[in-house]
K.L.:
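Submitted below is the structure of interest, expressed as structure tokens.
Values below: all heavy atoms of this structure, side chains included; hydrogens, waters and symmetry mates excluded.
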Amino acid sequence: MDGEVPDTVAGRTSRGSARMNQLRLDPLTGRWVVVSVDRAERPAAFAFSERSVPVQADTSRPCPFCPGNEESSPPALETYAASGNWAVRVVPNLYPAFEGDHPFVVEHRGPVFTQATAGGIHEVLVLSPSHGDGWDRISDDQAGLVMAAIRDRIEEHSSVPGLRYSQAIVNAGREAGASIEHPHGQLLGISFVPRELAEEQAGFARFAGRCLLCTTVDAEEQAGHRVVYADERVQVICPFWSGTPFEMLVIPRAHGPHLHRAAPPDLYAVGRALRKCLALLRDRLGEVAYNVVFHSAPYRASEPYHWHVHIWPKLTTQAGFEMGTGVLINIVAPEQAAEELQVAVPA
Ligand SMILES: [Zn+2]
Ligand SMILES: [Zn+2]
Ligand SMILES: [Zn+2]
């Protein structure tokens, strides 16, 4: 669903003080929901008109992420520079979905009213100083810096008492949930292991034999026709089980559960592979919205898991059947998607 994670950093000068977001348990599914009071204050967010216009049609305000406007966002937590000026910036999100060091304490307020405090960290990662350069247009070195920033922040989150898992994402385009045009990602450190991660961990545990994704890399290499890009450190496929058109999975060849423990050359290679594959996507389909989702094991979980990155282009909308059953209907076979995207399959 679009906009699950609030994605806005600008547009407000003072922060609502003592109000805290709440986690509520959906007893039907076992999923936690974040109820964000601040977001509800902005009913315009639901207006059809706003959802249908391009990202940041309001040009009356200067872009908070462009060089020179650094004052309009909170002070940077971290900056990376290739030379002199900043190349990548990490700043706190002004509308955090998770905030503060409240421990994860579950409270039962009735037989079906289970809630918890939503402590945690919510940061924005500005991918480059250039307003027009998304991950598909930045240089390999810039992509490497972004990956280094993601690694460093997750490392930092993992040292915060009470936090268990970090989610790094990039939403590009309004349909994918971006509300600011300047290419950026988000980093969330949270105090529980979310359902999607737990389900993937269960998938790894169920898989008979060695690692599920190491096996996938070998099997897809043999099959060949779903490999979109491959080099000596990374493989990108349109997975056999793709649920959405042109979905891609970026798998580092070096096995390891944690992104933040990956070797620098592997991080660099994943950043470059993302750059190449997002550029392929643009070449073939135009400027489509997409979500990039980084999956790494919870800090203190170890095996079995193999960190990876999902690319989910936003080409279709999930409707009633998908919502009702969780069964996705993919109208483009991954074999066909890969064929269209394919550039380099190793000999
Ligand atoms: Zn900008
Ligand atoms: Zn593996
Ligand atoms: Zn995953």
Side-chain angles (χ1 to χ4, degrees), residues 1-8 15-43 45-46 92-124 153-154 156-169 171 177 186-206 243 257-258 291 293-302 304-305 310 312 318-328:
M1 274 173 286
D2 291 357
E4 258 173 12
V5 173
D7 183 58
T8 310
R15 178 180 297 181
S17 53
R19 271 178 309 194
M20 197 171 67
N21 292 332
Q22 231 178 52
L23 283 172
R24 296 186 183 179
L25 184 70
D26 174 349
L28 289 169
T29 62
R31 287 176 198 274
W32 288 101
V33 173
V34 179
V35 177
S36 168
V37 182
D38 284 349
R39 296 291 287 179
E41 276 182 342
R42 309 191 314 138
F46 303 114
N93 193 317
L94 267 184
Y95 295 101
F98 296 91
E99 186 183 24
D101 54 4
H102 330 282
F104 187 71
V105 177
V106 177
E107 232 185 294
H108 299 282
R109 300 214 148 180
V112 292
F113 304 140
T114 304
Q115 68 178 55
T117 42
I121 295 172
H122 193 169
E123 301 164 341
V124 173
R153 295 317 296 166
I154 296 180
E156 171 79 19
H157 294 180
S158 73
S159 69
V160 176
L163 297 189
R164 294 183 67 193
Y165 173 71
S166 286
Q167 183 63 63
I169 55 171
N171 301 333
Q186 299 178 57
L187 295 151
L188 297 100
I190 61 179
S191 50
F192 62 100
V193 177
R195 190 63 184 269
E196 298 300 318
L197 238 285
E199 283 180 359
E200 284 197 356
Q201 286 181 289
F204 278 92
R206 264 195 314 270
H258 293 114
N291 301 106
V293 172
F294 295 82
H295 272 159
S296 175
Y299 318 136
R300 277 164 286 278
S302 53
Y305 199 78
H310 298 273
W312 278 305
Q318 290 192 20
F321 179 74
E322 288 87 343
M323 309 270 310
T325 60
V327 177
L328 302 178

K.L.:
Does the side chain of Y165 reach to within under 4.5 Å of the side chain of L188, using non-hydrogen atoms?
P.N.:
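Y165 does not reach L188 side chain to side chain.
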K.L.:
Identify, with sequence neighbours excluded, every residue that meets side-chain hydrogen bond (donor to acceptor under 3.5 Å, both in side chains) alongside S166.
P.N.:
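Result, side-chain hydrogen bond (donor to acceptor under 3.5 Å, both in side chains) vs S166: H157, Y299.
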K.L.:
Any side-chain hydrogen bond (donor to acceptor under 3.5 Å, both in side chains) involving residues 111-121? Give me the pairs, sequence neighbours left out, ordered by first then second residue.
P.N.:
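Checked against side-chain hydrogen bond (donor to acceptor under 3.5 Å, both in side chains) - neighbours excluded - the pairs reaching residues 111-121 are H108-T114.
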K.L.:
Please round to the nearest 0.5 Å and tell me the distance separating atom CD1 of I154 and atom CG of L163.
P.N.:
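Rounded to the nearest 0.5 Å, the CD1-CG separation comes to 12.0 Å.
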K.L.:
Under 3.5 Å, is there a donor-acceptor pair between the E200 and Y305 side chains?
P.N.:
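Judged by distance alone, the side chains do pair up.
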K.L.:
Any pair with a residue in residues 111-124 that passes salt bridge (Lys or Arg N to Asp or Glu O under 4.0 Å), sequence neighbours left out, goes on the list, sorted by first then second residue, please.
P.N.:
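Pairs touching residues 111-124 that pass the test: E123-R153.
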K.L.:
With E107, which residues qualify under salt bridge (Lys or Arg N to Asp or Glu O under 4.0 Å), at least two apart?
P.N.:
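Here the qualifying residues are R109.
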K.L.:
Check whether any side-chain heavy atom of F294 lies under 4.5 Å from a side-chain heavy atom of I169, and answer yes or no.
P.N.:
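Answer no - side chains too far apart.
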K.L.:
Closest heavy-atom contact between P96 and N93?
P.N.:
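Looking at all heavy atoms of both residues, the shortest contact is CD-O, 3.3 Å.
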K.L.:
Carefully, step by step, assess V35 and N21 under the rule side-chain contact (heavy atoms from CB on, under 4.5 Å).
P.N.:
CA-CA 6 Å; V35 177; N21 292 332; over 6 Å; no
K.L.:
Could you tell me which residues satisfy salt bridge (Lys or Arg N to Asp or Glu O under 4.0 Å) with R24, sequence neighbours excluded, listed by chain and number?
P.N.:
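Expected list: none.
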K.L.:
Do the side chains of P298 and Q201 get nearer than 4.5 Å, heavy atoms only?
P.N.:
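Contact flag for Q201/P298 side chains = yes.
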K.L.:
Between F104 and L23, is any pair of side-chain heavy atoms under 4.5 Å apart?
P.N.:
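When only atoms from C-beta onward are counted, L23 and F104 do touch, with a gap below 4.5 Å.
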K.L.:
Looking only at heavy atoms, what is the nearest atom pair of A168 and L187, with distance?
P.N.:
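Reported closest heavy-atom pair: CB-CD2, 3.6 Å.
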K.L.:
For the atom pair CZ (R164) and CZ (R300), what is the distance rounded to the nearest 0.5 Å?
P.N.:
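The CZ atom of R300 is 8.0 Å from CZ of R164, to the nearest 0.5 Å.
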K.L.:
For D26 and L28, which heavy atoms make the closest approach, and how far apart are they?
P.N.:
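Scanning both residues completely, I find the closest heavy atoms to be OD1-N, 2.8 Å.
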K.L.:
Please list, chain by chain and in numerical order, all residues satisfying ring pair (Phe, Tyr, Trp, His ring centres under 6.0 Å) with F98, sequence neighbours excluded.
P.N.:
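Once residues adjacent in sequence are excluded, F98 has no partner under the ring pair (Phe, Tyr, Trp, His ring centres under 6.0 Å) criterion.
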K.L.:
With no hydrogens and no angle check, is any side-chain donor or acceptor of N291 less than 3.5 Å from a backbone partner on N171?
P.N.:
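A pair under 3.5 Å: no.
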K.L.:
Show the nearest heavy-atom pair for residues S191 and G119, with the distance to one decimal.
P.N.:
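Answer, listing the atom of S191 first, then G119: OG-O, 3.9 Å.
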K.L.:
Identify the heavy atoms of S296 and P257 that sit nearest to each other, and give their distance.
P.N.:
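Nearest heavy atoms, S296 then P257: OG-O, 3.7 Å.
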K.L.:
How long is the straight-line distance from CZ of F204 back to CD of E199, given to the nearest 0.5 Å?
P.N.:
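One gets 13.5 Å once the value is rounded to the nearest 0.5 Å.
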K.L.:
Does any donor atom in the side chain of Q186 or H122 lie under 3.5 Å from an acceptor atom in the other side chain?
P.N.:
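The criterion, which ignores hydrogens and geometry beyond distance, is satisfied for H122 and Q186.
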K.L.:
If the test is side-chain hydrogen bond (donor to acceptor under 3.5 Å, both in side chains), which one of R31, H295, Q167 qualifies with E196?
P.N.:
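Option passing the side-chain hydrogen bond (donor to acceptor under 3.5 Å, both in side chains) with E196: R31.
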